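Keep in mind the model is a prediction, meaning the values are calculated, not measured. Quick note: numbers below take in every heavy atom, side chains included, and nothing from hydrogens, waters or symmetry partners. The chain is numbered in sequence order, starting from 1.
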Amino acid sequence: MPAPKAIIACPQCSWEPTGAEQDWQCSCGHAWHTFDTAGRCPRCRHQWLTTQCLRCGCTSPHSDWYRATAVQWYQQVSPN
């Protein structure tokens, strides 16, 4: 059975990017969808440890945006 896909959502407001956004911009000027590369700029290879929400404007650790699905959580805590 394939692993469930992780949910990506802002830790502050729960906004979920659609995948079409190309609005995150690196200090080198390159704009891209940060979740396509886990926060690494495809142009200069800078690894961003924080990500700003395009809806609420809050900045959170990039890793906090990845949420496990209920199935993943169940598999982690299930004794079977």
message: Is there a side-chain contact between C41 and C28 in this structure, where contact means two heavy atoms from C-beta onward sitting under 4.5 Å apart?
response: yes

Closest contact, heavy atoms only, G29 versus Q25: O-NE2, 3.3 Å

message: Suppose we screen for side chain to side chain contact (heavy atoms under 4.5 Å, CB included). Which residues come up paired with S60, at least two apart in sequence or across chains?
response: P11, Q12, W65

message: Is there a side-chain contact (heavy atoms from CB on, under 4.5 Å) between C44 and C26? Walk through the geometry before answering.
response: CA-CA 9 Å; C44 74; C26 184; 3.6 Å; yes

field: same_hphob_cluster(Y66, W48) at 4.5 Å side-chain heavy-atom cutoff
entry: no

- prompt: Can you check whether A31's main-chain N or O pairs, donor with acceptor, with R43's side chain at less than 3.5 Å?
  reply: no

Show me the donor-acceptor pairs within less than 3.5 Å that the side chains of residues 49-57 make with the rest of the protein, sequence neighbours left out.
unit_1	atom_1	unit_2	atom_2	d
T51	OG1	H62	ND1	2.5
Q52	NE2	G57	O	2.9

- request: Please answer whether the main-chain N or O of R45 pairs with a side-chain N or O of R40 as donor and acceptor at a distance below 3.5 Å.
  value: yes

field: CG on D64 to CD1 on I8, rounded to 0.5 Å
entry: 13.0 Å

query: Hey, is the main chain of Q22 close enough, under 3.5 Å, to the side chain of H33 for a donor-acceptor pair?
result: no

- prompt: Considering all heavy atoms of both residues, which atom of C10 and which atom of R67 are nearest to each other, and what is their separation?
  reply: O-NH2, 2.9 Å

query: Aromatic rings H30 and W32: how do their planes relate, parallel, tilted or perpendicular, breaks at 30° and 60°?
result: parallel

